[in-house]
Amino acid sequence: MMTKSAQRLTLFLLLAPAILWLGLLIVLPHVEILVLSFSERVAPRVYAFGFGNYLEFFTEPLYWRTFARTAGMSILVTALTLVLAFPIALYIARVAQGRLKAMLLLLCLLPFWVSELVRTLGWMMILRETGVLSYVLQATGLTAERVEFLYNDGAVILGLVYGGLLFMIVPLANALESLEPAVVEAGFDLGGSRWTVLRRIVIPHAMPGIVAGSIIVFMLTVGNFATPVLLGGKNGLWFTEQIYAQFITRFNWPQGAAFGMLLLLLSSAIVWLGLRLTGQSLGTTLKQA
Amino acid sequence: MAHSTDLDLVNVIKRFGSHAAVNDVSFSVAPGEFFSILGPSGCGKTTLMRMIAGFEHPTSGDIRIRGQSMIGVPANKRPVNMVFQSLALFPMMSVGENVAYGLTCRGVSRAEAEERANRMLERVGLKDFGERRVTALSGGQRQRVAIARCLVLEPTLVLLDEPLGALDLKLREHMKIELKQLQSTFNTTFAYITHDQSEALVMSDRIAVMNQGRFEQVGSPRELYHNPATPFVASFVGETNKWQGEASAASNGSVSVRLPSGTVLQGQGKEANKTSLAFVRPEAIALAQDASALGALANRFEGRVSAVLFDGANSSLLIDTVGFEQPVRAVLPQAGPLAGIEVGAPVHLGWTADAMKVFAA
């Protein structure tokens, strides 16, 4: 009996930091926001319980359209990141050996030593009208005028893909590394072409890594704020900007809270749908990540 | 078109840097033959097999399958299929999909591939296993799937890279017999590599013994066992007693070898007048309780049993013998007055001159 209660105490003490972290920094604020999102402003400084803030999202086209655009572009960004990251991860996992492998992973990691803001500002320096790219095009005589590459969807997607690559490469490389070389050789030996081996052996094996990376990149992209604002400018129209506007510009905290909850719920729903469509379970994916 | 050989290697050399992993190897395998390459790990046998499969390319020489040179032909275009050491079944596919994989790669329709895969599974004794996950199979069943996956493609040649290595002893013994039976029912040419001499001896029609990138000897299991061509073959294939001494006075193929202790042995060999190695199989040593029973043998000694190594039919005795530094190994008689012999018992031993092979060291 003594040892059992002592064991329990040890377990509790070991888990305490994690529980405190989850409880105080994640669960509690979300409960607060959830409660806040159900309070409607009926008169100045008078609030009542109601679903008005949620109804506002569905009745005002600007809001749900912004969300739809954010979700659509995030899916596109996730897909582009996957396509770009796959060959890189394949190279790191299957071709590179020893020091080269560590070096390549470090190279992927290196940009993340700088803050996201600085990285995005770096892209702005390259893409803006008076920036590097525009200058090079002019200097080589390809264009006569300055060209503005900033403040469009392309720039936003570029910035988001750049920010998401690492989070796709690491789980992918992890998944691909565990593929036994003999299995790939057997795929060729039995008559498979490169494409067949990729489609029927390599990709199915990497599926948990693909799903894990895609969930991480999608969630990071949907919830991103700085990149769409800085690279997209007024045309960015990211859903997080709407939340920011409600909280900061309009002082309508209940509305912002409702948008925050909606972002969480709707993006989770998209992830769930994605898992169902690809026939993957969250359990195997989490094991991989 | 029928060709008299299924596989020919002509002066194949493979270098990794300055090291020759495979050094000027030539051999032919006839259709329907079970051909083994036997050698210690690191002798180059895996490299040799990977060159035949198309995963490595020879530095020089030619590999021909039914007379067609395979140089420059990629692995997925060769009429050769391989059973990997780890089996390398596709864990993301069911048993049936594993077997049908090669057929669908060739453009066989999905329905027909499935049909042929099921028939093949039935022939290897895995009827109704098509839907199972490969991870749900036992070691022996996985083995059969790996072989079925190759045989369904009706290849000219099946390569087997120590496929029994991962199995436990009992299953390995069973699979040896099963593999041999599969090979004869399908009448497909098998090239088998192993470091286990018993696997090679039991299954093969012919064996090549490989050492340091070269073939030491190619022959039937009996030939290798009874008439080894080199000291390496004599000591690598089967159990043997080995002594070093000075050979002298060869006449008519018979040699006498003087051991450092002064003992003189009579044997068979070509080399004389130099340092030599003499080999005698444990089963060639006759044992008796009194010296008169061994009167006809050229080599006669007496000793005392120092250990009984009981291992059923493979039991042997170690006998401390006058004139030998190491105990002599002999087979424990399974019947007769010596069957119950104990440690410490005196015994007479001897062997004929024909039973002892002498090679220059």
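Chain letters run A, B, ... following the sequence lines, proteins first and then strands; every chain starts at 1. Bear in mind that the values here come from a model prediction, so they are computed numbers and not experimental data.
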Q: Side chains of B:Thr189 and B:Phe35: does their closest heavy-atom pair fall under 4.5 Å?
A: no
Q: Is it the backbone or the side chain of B:Leu89 that comes under 4.5 Å from a heavy atom of chain A, or both, or neither?
A: backbone
Q: Do B:Arg119 and B:Glu115 pass the salt bridge (charged side-chain N to carboxylate O under 4.0 Å, His left out) test, and can you show the C-alpha distance, the side-chain angles, and the key distance before you say yes or no?
A: CA-CA 6 Å; B:Arg119 243 183 297 151; B:Glu115 155 81 29; 3.4 Å; yes
Q: In terms of the angle between their ring planes, are A:Phe112 and A:Phe167 parallel, tilted or perpendicular, with boundaries placed at 30° and 60°?
A: perpendicular
Q: Is the positively charged end of B:Arg78 above the ring of A:Phe188, judged by distance under 6.0 angstrom from the centroid and angle within 45° of the axis?
A: no
Q: Relative to chain A, which segment of B:Tyr101 carries a heavy atom at a distance below 4.5 Å: side chain, backbone, both, or neither?
A: both
Q: With B:Arg144 as the cation and B:Phe129 as the aromatic partner, state whether NZ or CZ is under 6.0 Å from the six-membered ring centre and within 45° of the axis.
A: no
Q: Using non-hydrogen atoms only, which part of B:Val83 is less than 4.5 Å away from chain A: side chain, backbone, both, or neither?
A: neither
Q: Give, as side chain, backbone, both or neither, the part of A:Glu185 having an atom under 4.5 angstrom from any heavy atom of chain B.
A: both
Q: Tell me, for A:Val197 versus chain B, whether the close heavy atoms (under 4.5 Å) come from the side chain, the backbone, both or neither.
A: both
Q: Under 3.5 Å, is there a donor-acceptor pair between the side chain of A:His205 and the main chain of A:Ile201?
A: no
Q: For chain A, which of B:Lys77, B:Arg106, B:Met93 has the most heavy-atom pairs under 4.5 Å?
A: B:Met93
Q: Quick check on B:Met92 against chain A: is it the side chain, the backbone, both or neither that has a heavy atom closer than 4.5 Å?
A: side chain
